[in-house]
Amino acid sequence: MAERDVDLFVIGGGSGGVRAARIAAEHGASVTVAEEYRLGGTCVIRGCVPKKLLVYASRFHAEFEDAAGYGWTVPHSSFDWTTLIANKDREIARLEAAYGATLAKAGVKVVKNRATLIDAHTVELADGPRVRAGYVLVATGATPSYGDPIPGIEHVISSNEAFHLPHFPRRVLIQGGGYIAVEFAGIFAGLGSHVTLIYRGENILRGFDDEVRHHVRMEMEARGMRVLTGCKVAAVENAGGHFLVRLSSGNHIPADRVMFAVGRAPNIAKMGLKDAGVEIAKNGGIAVDEYSRTTVANIYAVGDVTNRINLTPVAIREGHAFADTVFGGKPTKVDHTNVPTAVFSDPEIGTVGLTEAQARERLAQTDIYKAMFKPLKATLSGRDTTVLMKLVVDGLSDRVVGCHVVGEGAAEIAQVAAVAVKMGAKKADFDATMALHPTAAEELVTMRKRSATYARVAAE
Ligand code: NDP
């Protein structure tokens, strides 16, 4: 390229884009980031961080109840949604500013503007100027989908709006059975709403271990959330002050808020991708190779816009690897296997590696170790709850290929278990590790009894 204004132009100031910009700048590149909304992207502004703050808020109610068994008398508690949202917004603003400061410190220029591709090396900003770039990184994330058009869809909100509701809804109906639907069901229920979850399939959380799915649903129902499966929302009617939700099963359910969490679509529209020659993959995301390079040699894409594994730490790794590859002289691929993940539902799920079904399909022999127990804390509180822990083990090599936890602290446990799984630890290594007593996680090293062994039949 004859002339360039910058070495790298990043479109999108979310987790992946910001990490890539900073590392590229540290490698000596001149970098500009364009962000049309707020720095921080989905995770910081309307995803992981505000969600987790709401999750914390939602868990106090159960703590107040449990305290009685431990001798506490908790005076009548009340919850104020406006205070929570204002405090959450203050923290998000602080984080957004921190992202800006990090980029400024690294010498990255930030433009608060929408950017579109004109050709492989030219980006146009919404207010006119064009920028010539050596490389372009597309890190524009994804946006909530609403599924098939139905009457009254205009009354439906997504998680984006759920973070800013002016009033706390007493009755919430959520459609979807994935991460967001299940997490928000727990948030609203914990804060005091009557929650109904509508899921089109047989059971929520498709893709997770079947026993995890069953256990979470049972526990959610025990906590008062209504889970209706095998049906969909057919229409939403404005009933004056509230909504009447008509289901495909024929039922009508009144709700103050109707939220859909039916997946997210990569942000690829009206970006000039086609003009620049960037191809879209079958999964709806930008097609990339293992270095996150698109079908155009100098254009890369990372994070949710590629629709690989749509998790913040993955986007960050991909952005970092891109910067090292292109500007650091160190070609780096991201390993997308054994990525730990958590659903901050009520109860929480933490998981890494293969589910039992995946293992049975892929391995010649699968051993399953499982523990279900009442956590110690629930003894005095009297709470009726059960923790589920499960290890999926390759029966021939003894390697632990999956770890699944449902219960308090599940996400924290899964993060640490992921190190062992990633290292290829064997069940014998777990067994050789001394238990830390009294914890819930000690079950992972004391589950000696093989509860099930499955040998795959050769003809299968
Ligand atoms: P998910 O893909 O997790 O779940 C979508 C759900 O909506 C599924 O249950 C799906 O059903 C259902 N669905 C899809 N289309 C329709 C439709 N037309 N009508 C009715 N139901 C439908 O998406 P989310 O929106 O929950 O989350 C998006 C992504 O964000 C996640 O995949 C995850 O990668 C990320 N995320 C991660 C979090 C975390 O790490 N804790 C938290 C929140 C989001 P079916 O199963 O039948 O396809």
Side-chain angles (χ1 to χ4, degrees), residues 14-16 41-56 58 141-150 153 156-163 173-187 196-208 210 212-213 216-217 220 227-236 245-249 258-267 283-285 303-316 318 336 339-352 355 405-406 410-412 414-415 418:
S15 301
T42 300
C43 178
V44 171
I45 306 299
R46 44 183 128 61
C48 332
V49 177
K51 180 275 308 288
K52 189 83 187 274
L53 294 173
L54 264 51
V55 166
Y56 283 130
S58 70
T143 217
S145 307
Y146 284 88
D148 323 316
I150 52 156
I153 191 74
V156 173
I157 62 165
S158 72
S159 55
N160 286 357
E161 293 75 41
F163 286 116
L173 182 139
I174 302 175
Q175 169 154 261
Y179 282 82
I180 298 179
V182 174
E183 288 182 345
F184 271 90
I187 289 170
T196 305
L197 191 73
I198 305 295
Y199 175 58
R200 64 180 176 180
E202 207 174 297
N203 200 4
I204 56 172
L205 294 165
R206 186 168 62 83
F208 286 79
D210 286 335
V212 165
R213 300 167 70 190
V216 171
R217 178 176 178 174
M220 284 173 70
V227 180
L228 303 180
T229 51
C231 59
K232 285 176 74 169
V233 172
V236 180
V245 181
R246 188 157 53 79
L247 302 183
S248 54
S249 56
V258 183
M259 174 177 153
F260 281 10
V262 294
R264 295 170 63 86
N267 286 324
N283 69 5
D304 291 4
V305 77
T306 62
N307 209 3
R308 286 176 279 182
I309 298 181
N310 299 330
L311 298 172
T312 299
V314 176
I316 291 173
E318 290 167 355
H336 288 96
V339 174
T341 180
V343 185
F344 294 98
S345 42
D346 186 19
E348 190 169 293
I349 306 168
T351 177
V352 61
T355 64
V405 180
V406 181
E412 307 288 344
Q415 175 67 89

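Read the numbers this way: they start at 1 and go in the same order the structure lists the ligands and their atoms.
- Looking at atom 42 (C) of ligand 1, its nearest protein heavy atom turns out to be E183 OE1, 3.2 Å.
- Between the OG atom of S345 and the CD1 atom of I204 there is a distance of 8.0 Å, given to the nearest 0.5 Å.
- Ring planes of Y146 and F260: tilted class, angle from 30 to 60°.
- Where the criterion is an N or O separation shorter than 3.5 Å, residue side chain and backbone included, A342 meets it with respect to ligand 1.
- Among protein heavy atoms, atom 35 (C) of ligand 1 sits closest to N310 O, 3.4 Å.
- The protein heavy atom nearest to atom 39 (C) of ligand 1 is Y179 CD2, 3.3 Å.
- For E161, the CD atom sits in a packed shell: over 12 heavy atoms of surrounding residues, nucleotides or ligands are nearer than 6.0 Å.
- The part of L311 lying near ligand 1 is the side chain, judged by heavy-atom distances below 4.0 Å.
- Protein heavy atom closest to atom 26 (O) of ligand 1, with residue, atom name and distance, is I180 N, 2.9 Å.
- A search for side chain to side chain donor-acceptor pair (under 3.5 Å) contacts involving R46 returns nothing, not counting sequence neighbours.
- Polar contact with ligand 1: absent for Q175 (N/O pair, distance under 3.5 Å).
- If you number the atoms of ligand 1 from 1 as listed, the ones under 4.0 Å from a heavy atom of G147 come out as 18 (N).
- None of N310, T306, D304 except one satisfies the side-chain hydrogen bond (donor to acceptor under 3.5 Å, both in side chains) rule with R308; the exception is T306.
- For ligand 1, the atoms lying closer than 4.0 Å to a non-hydrogen atom of G177 are 6 (C), 8 (C), 9 (O).
- Among D304, V262, T312, the residue whose heavy atom sits closest to atom 13 (N) of ligand 1 is V262.
- Given atom 19 (N) of ligand 1, the protein heavy atom at minimum distance is K232 CE, 3.4 Å.
- In this structure, atom 30 (O) of ligand 1 lies nearest to the protein heavy atom R264 CD, 4.0 Å.
- For ligand 1, the polar-atom distance check against G178 finds a nitrogen or oxygen pair separated by under 3.5 Å.
- Remark: K232 pairs with D148 by the salt bridge (charged side-chain N to carboxylate O under 4.0 Å, His left out) rule, at least two apart or across chains.
- Nearest to atom 16 (C) of ligand 1 among the protein's heavy atoms is R200 NH1, 3.3 Å.
- Closest heavy-atom contact between G176 and A181: O-CB, 3.1 Å.
- With F184 as reference, F163 is the one residue of Y179, F344, F163 to meet the ring-ring contact (aromatic ring centres under 6.0 Å, His included) rule.
- Ligand 1 has no N or O atom lying under 3.5 Å from any N or O atom of G176, backbone or side chain.
- At the shortest separation from atom 25 (O) of ligand 1 among protein heavy atoms lies G263 N, 3.0 Å.
- The two residues G284 and P266 come nearest to each other via the heavy atoms O-CG, 3.4 Å.
- Numbered from 1 in the order shown, with element, the atoms of ligand 1 that lie under 4.0 Å from a heavy atom of K51 read 41 (N), 42 (C).
- To the nearest 0.5 angstrom, R264 atom CZ is 6.0 Å from T143 atom OG1.
- Considering only heavy atoms from C-beta on, R246 stays 4.5 Å or farther from I150 through its side chain.
- For ligand 1, the polar-atom distance check finds an N/O of Y199 within less than 3.5 Å of one of the ligand's N/O atoms.
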